[in-house]
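Data first, discussion second: the structure below is written as structure tokens.
Please read all numbers here as calculations on a predicted model, not as lab measurements. Side-chain atoms are counted along with the backbone in the values below, which use heavy atoms only and exclude waters and symmetry mates. Residue indices begin at 1 and follow the sequence shown.
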Amino acid sequence: MRSKFFISLLFLLTVYVYGTDGYYSDPYDITDLNIPEDFVGTYLPVDYEKSLLESKSHQEALNTIKSNQDEYTVLFLKQSHCHSDQWYSDGFNVKKNLVEEWTFVTRDEDKIVIDQNGYEYRKISENSYDYKAIYDYILNNLLEDYISRELKLENHHIVIKNQSYWLILESSYTKKYVSAFLDGPDSRFFIILSGNNLKLVKAKRSDDFFMQFDPTDEIIYECKKN
């Protein structure tokens, strides 16, 4: 009996949160958006792209988006509906009435979506739900100057000395100044870019907050720009 009560309570809370939020959509509000066919695809915020190129840090670029409370982290557009993934940790469908306020423009051959708050998003893939393109875009921008026989990008992840590492998109539990947070063999790791240098260091649980990770002094790999 008690378990049924808590299940019912959880259901009501879910309905409340998703039903009252201005950006979330119910299952009956995701169709018939009539998004132009050539704008179907996966989009990243232009603010994120600029920050990533300037800071060479996925964490800092994502924090730029987090500071803009009304900006979407990513957009996955089909003709019938639009999906997003807030800070890469909370997926949801965008409400139809909001999408209908968006503007779709072509700028220097780039497909650009301008949302109801004026934020811009650029298409990086023709695929309407393409996380692989997101991984490739981020890793190429971060590591293109460090590619070598020892450091490669293969199948949407990093290979260093024949060992694979996977980019963790969500950044709530990492330090702002690191370039990327990685999942690897039996542990978590950071890539730190500083000047012309790249370091791959092992991560450890933070002493201040259990769910946060801090860099250690254990260097797994380091190199310089090509």
Side-chain angles (χ1 to χ4, degrees), residues 8-55 57-138 141 167-174 176:
S8 299
L9 180 61
L10 179 60
F11 173 78
L12 289 173
L13 287 172
T14 303
V15 170
Y16 175 78
V17 171
Y18 285 84
T20 58
D21 192 291
Y23 292 92
Y24 289 71
S25 171
D26 64 62
Y28 304 102
D29 195 26
I30 63 174
T31 60
D32 195 28
L33 290 179
N34 296 319
I35 291 173
E37 185 175 0
D38 54 342
F39 282 87
V40 170
T42 297
Y43 291 73
L44 289 178
V46 172
D47 287 337
Y48 171 87
E49 291 188 289
K50 289 179 180 177
S51 181
L52 182 70
L53 293 173
E54 293 172 359
S55 67
S57 168
H58 167 64
Q59 313 304 329
E60 188 165 339
L62 195 54
N63 283 333
T64 299
I65 304 304
K66 287 186 175 184
S67 67
N68 300 326
Q69 293 295 318
D70 295 329
E71 190 165 8
Y72 300 101
T73 305
V74 61
L75 295 177
F76 301 107
L77 268 64
K78 292 186 176 182
Q79 282 191 278
S80 60
H81 71 274
C82 174
H83 187 80
S84 189
D85 190 358
Q86 188 176 28
W87 308 328
Y88 296 112
S89 62
D90 188 7
F92 63 97
N93 290 312
V94 183
K95 279 193 170 184
K96 178 179 178 180
N97 67 302
L98 296 180
V99 178
E100 289 176 340
E101 295 181 35
W102 296 359
T103 304
F104 301 86
V105 299
T106 301
R107 185 182 301 154
D108 297 329
E109 299 185 357
D110 285 328
K111 298 301 182 186
I112 304 293
V113 172
I114 305 173
D115 73 13
Q116 73 279 1
N117 295 306
Y119 293 113
E120 297 188 358
Y121 308 82
R122 188 179 70 87
K123 182 157 78 169
I124 65 165
S125 171
E126 299 290 336
N127 191 315
S128 62
Y129 197 76
D130 199 347
Y131 275 97
K132 292 178 180 179
I134 296 172
Y135 286 119
D136 289 344
Y137 177 86
I138 296 169
N141 275 284
L167 175 67
I168 299 173
L169 290 174
E170 202 279 328
S171 71
S172 293
Y173 308 130
T174 62
K176 181 178 179 179

Item to complete: Assess whether side-chain contact (heavy atoms from CB on, under 4.5 Å) is satisfied between Ile35 and Phe104, documenting all intermediate values.
Response: CA-CA 9 Å; Ile35 291 173; Phe104 301 86; 4.1 Å; yes
Distance check, rounded to the nearest 0.5 Å: [X] atom [atom1] versus [Y] atom [atom2]?
| X | Y | atom1 | atom2 | result |
| --- | --- | --- | --- | --- |
| Ser55 | Leu62 | OG | CG | 10.5 Å |
| Gln59 | Lys66 | CD | NZ | 8.5 Å |
| Glu170 | Gln86 | CD | CD | 10.5 Å |
| Leu77 | Glu37 | CG | CD | 13.0 Å |
| Leu167 | Tyr135 | CG | OH | 6.5 Å |

Fill in: Student check: side-chain heavy atoms of Ile134 and Ile124 closer than 4.5 Å
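They are in side-chain contact.
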Discussion item. Using side-chain heavy atoms (C-beta onward) and a distance below 4.5 Å, is Thr103 in contact with Val113?
Written reply: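 In short, these two side chains do not touch, never coming nearer than 4.5 Å.
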Which residues pass the side-chain contact (heavy atoms from CB on, under 4.5 Å) test with [X], not counting sequence neighbours?
| X | answer |
| --- | --- |
| Ser125 | Thr42, Asn127, Asp130, Ala133 |
| Asp136 | Asn140, His156 |
| Lys123 | Tyr43, Lys111, Glu126 |

Nearest heavy-atom neighbours spanning [X] and [Y]:
| X | Y | value |
| --- | --- | --- |
| Ser84 | Thr73 | OG-N, 4.3 Å |
| Ser80 | Leu33 | O-CG, 3.2 Å |
| Val40 | Lys78 | CG2-C, 4.0 Å |

Can any side-chain N or O of [X] pair as donor or acceptor with the backbone N or O of [Y] at less than 3.5 Å?
| X | Y | value |
| --- | --- | --- |
| Tyr121 | Tyr72 | yes |
| Asn117 | Tyr119 | no |
| Glu109 | Thr106 | no |
| Asp85 | Asp90 | yes |

Discussion item. Using side-chain contact (heavy atoms from CB on, under 4.5 Å), reason through Phe39 and Gln79 one step at a time and then give a plain yes or no.
Written reply: CA-CA 8 Å; Phe39 282 87; Gln79 282 191 278; over 6 Å; no
Discussion item. Which residues pass the ring-ring contact (aromatic ring centres under 6.0 Å, His included) test with Tyr88, not counting sequence neighbours?
Written reply: none
Worksheet item: Who are the ring-ring contact (aromatic ring centres under 6.0 Å, His included) partners of Phe76, not counting sequence neighbours?
Response: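 In terms of ring-ring contact (aromatic ring centres under 6.0 Å, His included), with neighbours along the sequence ignored, Phe76 is linked to Tyr129, Tyr131.
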Worksheet item: For residues Glu49 and Tyr137, is any side-chain donor paired with an opposing acceptor at under 3.5 Å?
Response: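 A donor-acceptor contact under 3.5 Å links the two side chains.
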Item to complete: Under the side-chain contact (heavy atoms from CB on, under 4.5 Å) rule, what do Glu120 and Arg107 come out as? Steps first, then yes or no, please.
Response: CA-CA 12 Å; Glu120 297 188 358; Arg107 185 182 301 154; 2.8 Å; yes
Worksheet item: Sequence neighbours excluded, which residues qualify as side chain to side chain donor-acceptor pair (under 3.5 Å) partners of Thr64?
Response: Ser51
Item to complete: Mind telling me whether His83 and Phe92 have parallel, tilted or perpendicular rings, with 30° and 60° as the class edges?
Response: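 Plane angle between 30° and 60°, so tilted.
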Discussion item. Run the side-chain contact (heavy atoms from CB on, under 4.5 Å) test on Leu169 and Ile138 for me, step by step, so that the C-alpha distance in whole Å, both residues' side-chain angles and the decisive distance to 0.1 Å come before the verdict.
Written reply: CA-CA 9 Å; Leu169 290 174; Ile138 296 169; 3.6 Å; yes
